[in-house]
Amino acid sequence: MKRAPPRVAEATDALGAHHALLWRIAYRMLGSASDADDVLQEVAMRWLTADRVAIHQPRAWLIAVCSRLCISQLRRTKRAREAYVGAWLPEPIADQRETELSLGALLRLQRLKPAERIVFVLHEALGFRHGELAAVLGRTPVACRQALARARRKLA
């Protein structure tokens, strides 16, 4: 069996190390396992074609790309949901990849704007600090703190 070239093997190792975290972020943002899988495919394609020599923090880069792709997906889905007749419900997971997030929590997250949702998910569910959020999302810590406060008020 042939081994992958070293650069490809190194790239796939980094993806594998952060795959579960990226999937949790995408699922919590989108409320759909299939959409989360699609976003992760896009993240993988971008990672494999990126100039990884210039990327000093692979984890932060991967989370930032995943978050931005989720926000773009949410904006596209919002337009589709506006035309949908009836209530939109998040997709519960049958294979238990995500056990700690209930359907009710996913429904509550739908009230948030995409930027508020990503800050809330990364901070509350995954334990990111404001400085880490700022680095990942390309915002100031104050802006992240404010988005988190808005999200908490909407969910209260």
Side-chain angles (χ1 to χ4, degrees), residues 11 13-82 84 87-93 96-156:
D13 287 348
L15 275 172
H18 302 295
H19 184 270
L21 171 69
L22 296 172
W23 195 90
R24 286 194 318 265
I25 291 169
Y27 176 71
R28 287 177 172 157
M29 285 290 294
L30 302 172
S32 164
S34 60
D35 287 347
D37 290 337
D38 291 345
V39 164
L40 259 58
Q41 287 293 322
E42 182 65 26
V43 169
M45 288 191 304
R46 290 184 184 198
W47 175 251
L48 292 173
T49 59
D51 179 17
R52 287 182 303 282
V53 173
I55 300 171
H56 300 293
Q57 296 179 340
R59 180 178 184 258
W61 188 92
L62 290 166
I63 292 170
V65 170
C66 181
S67 301
R68 290 180 187 130
L69 288 171
C70 287
I71 289 170
S72 296
Q73 176 70 19
L74 282 170
R75 288 183 178 139
R76 284 191 303 273
T77 339
K78 181 181 178 189
R79 287 189 289 271
R81 288 181 190 156
E82 287 172 354
Y84 179 74
W88 182 85
L89 296 174
E91 171 188 345
I93 304 172
Q96 299 302 315
R97 284 190 276 186
E98 185 69 25
T99 57
E100 71 268 12
L101 195 62
S102 70
L103 186 59
L106 286 171
L107 282 171
R108 292 180 65 213
L109 286 174
Q110 299 303 314
R111 297 180 194 167
L112 303 177
K113 292 180 181 176
E116 295 167 345
R117 190 181 313 180
I118 191 64
V119 169
F120 184 82
V121 166
L122 290 176
H123 184 272
E124 295 295 322
L126 301 173
F128 280 60
R129 295 182 307 257
H130 295 292
E132 292 174 311
L133 288 170
V136 166
L137 301 175
R139 296 179 170 206
T140 65
V142 173
C144 292
R145 193 173 289 115
Q146 183 61 37
L148 181 61
R150 281 193 306 270
R152 286 178 175 157
R153 276 194 305 271
K154 287 181 181 178
L155 294 175

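Predicted model only: the values in this text are computed from it and were never measured. Numbers here simply count residues along the sequence, with the first being 1.
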Specify the closest pair of heavy atoms between [X] and [Y], including all atoms of both residues, with the distance to one decimal.
X: Leu22; Y: Val43; value: CD1-CG1, 4.2 Å
X: Ile55; Y: Ala50; value: CD1-CB, 4.0 Å
X: Lys154; Y: Arg111; value: O-NH1, 3.7 Å
X: Ile71; Y: Met29; value: CG1-CE, 4.1 Å
X: Arg68; Y: Val136; value: NH2-O, 3.8 Å
X: Ile25; Y: Cys66; value: CG2-SG, 4.2 Å

Could you state the interatomic distance from [atom1] ([X]) to [atom2] ([Y]), rounded to the nearest 0.5 Å?
X: Met45; Y: Leu15; atom1: CE; atom2: CG; value: 11.5 Å
X: Gln41; Y: Leu69; atom1: CD; atom2: CG; value: 12.0 Å
X: His19; Y: Leu62; atom1: NE2; atom2: CG; value: 11.0 Å
X: His130; Y: Arg145; atom1: NE2; atom2: CZ; value: 4.5 Å
X: Glu116; Y: Arg150; atom1: CD; atom2: CZ; value: 5.0 Å

Do [X] and [Y] come within less than 4.5 Å of each other through their side chains, counting heavy atoms only?
X: His123; Y: Arg152; answer: yes
X: Glu132; Y: Ile63; answer: no
X: Glu124; Y: Leu148; answer: yes
X: Gln73; Y: Asp38; answer: no
X: Trp61; Y: Arg46; answer: yes
X: Leu122; Y: Cys144; answer: no

Practice task
Answer yes or no: is there a donor N or O on one side and an acceptor on the other, between the side chain of Arg139 and the main chain of Leu133, under 3.5 Å?
Solution key: no

Practice task
Test side-chain contact (heavy atoms from CB on, under 4.5 Å) on Val65 and Glu42 and set out the steps.
Solution key: CA-CA 9 Å; Val65 170; Glu42 182 65 26; over 6 Å; no

Problem - Heavy-atom neighbours of Gln57 CD exceed 12 at 6.0 Å - result: no

Exercise for the section: Might you confirm whether atom NZ of Lys113 has over 12 heavy atoms from other residues, nucleotides or ligands at distances under 6.0 Å? Expected result: no

Completion exercise
In Ile118, Asp35, Val39, the residue satisfying side chain to side chain contact (heavy atoms under 4.5 Å, CB included) with Cys70 is Val39

